[in-house]
Novice: 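Can you keep this structure in mind? I'll have questions shortly.
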There are 2 protein chains.
Amino acid sequence: MSQLTDLATKLDALGHPIRLKIIATLVQNQQQMYLNEIAIKIGVSRALAKIHLKKLEKAAIVKSHIVTAEGEAKALRYYELLPFDIHVSPQMLRMEVEKNGQ
Amino acid sequence: MSQLTDLATKLDALGHPIRLKIIATLVQNQQQMYLNEIAIKIGVSRALAKIHLKKLEKAAIVKSHIVTAEGEAKALRYYELLPFDIHVSPQMLRMEVEKNGQ
DNA sequence: ATTACATGTAATCAAATGATTACATATATA
DNA sequence: TATATATGTAATCATTTGATTACATGTAAT
């Protein structure tokens with residue numbers, strides 16, 4: 001995948017209010033959160049939170065893993081934020097595109 | 001429209017390789033370009049370029065106006081880039097969401 | 001065992017998106 | 001007039017996306 005496509009994927013993943021809220025919630029809590037916590041915190045259904053988290057995970061903005069904690073009803077999937085710092089401006093895009101040849 | 005929604009709209013508009021190329025092309029050429037120039041330059045059909053430009057225009061990343069030049073077959077729609085400088089990181093999103101209340 | 005509660009995911013569906021094809025208009029030239 | 005060329009947009013269609021509902025599993029308490 002080209003640099004440009006990768007950038008587009010990340011920007012696309014970030015381009016939705018719910019997903020921005022999910023990210024903000026994950027930063028606020030520092031530690032990892034599981035699906036239901038996230039859903040409740042931002043006020044959407046688990047199913048919907050899952051869908052948006054899936055898109056974030058595909059774009060490598062979050063990652064997840066299952067944790068089997070004792071005393072818990074079942075294994076939980078924990079999500080954590082991967083660090084990112086995206087900067088987009090016309091000049092920066094010009095350089096990016098020229099790098100990839102035409 | 002909230003700050004967060006506005007940011008999401010811009011990020012969503014930027015989240016496609018063709019649209020990133022369109023922007024890069026507009027920067028390269030400095031001056032305004034009309035639809036067909038853009039389409040040829042990045043190697044897509046006029047119709048497709050138009051669709052992507054429409055999305056960029058809705059997000060206020062480009063703007064356009066029609067110019068009636070002499071010697072031309074017909075009035076041409078010129079596109080120009082609006083300045084933007086978007087910076088996204090977890091910390092920045094946290095602040096943005098907290099501003100908008102929960 | 002059954003009831004209650006909590007979790008994760010699959011199935012489904014309407015709406016938006018990406019892309020192609022075709023159409024309508026306009027000028028210049030044969 | 002017709003032919004060629006160039007432009008802008010509308011119509012169409014398959015795919016993806018956003019969102020809801022329902023299902024399956026698992027533990028704890030009755």
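We name chains A, B, ... by the order of the sequence lines, and we start the count at 1 in each one.
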Novice: Partner of D:dT30 by Watson-Crick or G-U wobble geometry, both contacts under 3.5 Å, or none?
Specialist: C:dA1
Novice: If I take atom CD1 in residue B:Ile42 and atom P in nucleotide C:dG18, what distance separates them, rounded to the nearest angstrom?
Specialist: 13 Å
Novice: With side-chain hydrogen bond (donor to acceptor under 3.5 Å, both in side chains) as the rule and sequence neighbours excluded, what pairs involving residues 14-27 of chain B come up?
Specialist: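 As it turns out, the side-chain hydrogen bond (donor to acceptor under 3.5 Å, both in side chains) pairs with a partner in residues 14-27 of chain B, which skip direct neighbours, are B:Arg19-B:His52.
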Novice: Output yes when A:Glu96 and A:Lys99 qualify as a salt bridge under the 4.0 Å nitrogen-oxygen rule, no when they do not.
Specialist: yes
Novice: What is the distance, to the nearest angstrom, from the CG atom on A:Leu11 to the P atom on C:dT17?
Specialist: 16 Å
Novice: Output the rounded distance in Å from CZ (A:Arg77) to C1' (C:dT9).
Specialist: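 Taking atom C1' of C:dT9 as the reference, CZ of A:Arg77 is at 10 Å.
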Novice: Can you identify which nucleotide, out of C:dT9, D:dG18, D:dA19, has its nearest atom closest to the A:Leu35 side chain?
Specialist: C:dT9
Novice: Could you pull out every donor-acceptor pair under 3.5 Å between side chains of residues 39-51 of chain B and any protein atom, sequence neighbours left out?
Specialist:
unit_1: B:Lys41; atom_1: NZ; unit_2: B:Asn29; atom_2: OD1; d: 3.4
unit_1: B:Ser45; atom_1: OG; unit_2: B:Leu48; atom_2: N; d: 3.1
unit_1: B:Arg46; atom_1: NE; unit_2: B:Asn36; atom_2: OD1; d: 3.1

Novice: Please work out which residues in residues 44-63 of chain A have a non-hydrogen atom less than 4.0 Å from an atom of DNA chain C and list them by number.
Specialist: A:Arg46, A:Ala47, A:Lys50
Novice: Is A:His16 near enough to D:dT16 that one of its side-chain N or O atoms lies under 4.0 angstrom from OP1 or OP2?
Specialist: no
Novice: Indicate whether OP1 or OP2 belonging to C:dT7 is found under 4.0 Å from a side-chain N or O atom of A:Asn36.
Specialist: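 Yes.
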Novice: Considering only residues two or more places apart or on different chains, which pairs with a residue in residues 84-95 of chain B satisfy salt bridge (Lys or Arg N to Asp or Glu O under 4.0 Å)?
Specialist: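 Applying salt bridge (Lys or Arg N to Asp or Glu O under 4.0 Å) to every pair that reaches into residues 84-95 of chain B, excluding sequence neighbours, yields B:Arg94-B:Glu98.
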Novice: Could you list the donor-acceptor pairs under 3.5 angstrom formed between side-chain atoms of residues 77-84 of chain B and any protein atom two or more places apart in sequence or on another chain?
Specialist:
unit_1: B:Arg77; atom_1: NH1; unit_2: B:Ser64; atom_2: OG; d: 3.0
unit_1: B:Glu80; atom_1: OE2; unit_2: B:Gln32; atom_2: NE2; d: 3.0

Novice: Quickly work out the B:Leu76 CG to D:dG8 C1' distance and round it to whole Å.
Specialist: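 One finds 9 Å between C1' of D:dG8 and CG of B:Leu76, rounded.
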Novice: List the residues meeting salt bridge (charged side-chain N to carboxylate O under 4.0 Å, His left out) with B:Lys55, not counting sequence neighbours, and say none if there are none.
Specialist: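 If we apply the salt bridge (charged side-chain N to carboxylate O under 4.0 Å, His left out) test to B:Lys55, skipping adjacent residues, the hits are B:Asp12.
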Novice: Tell me: OH of A:Tyr79 to C1' of C:dT7, nearest whole Å?
Specialist: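 After rounding, the reported distance stands at 12 Å.
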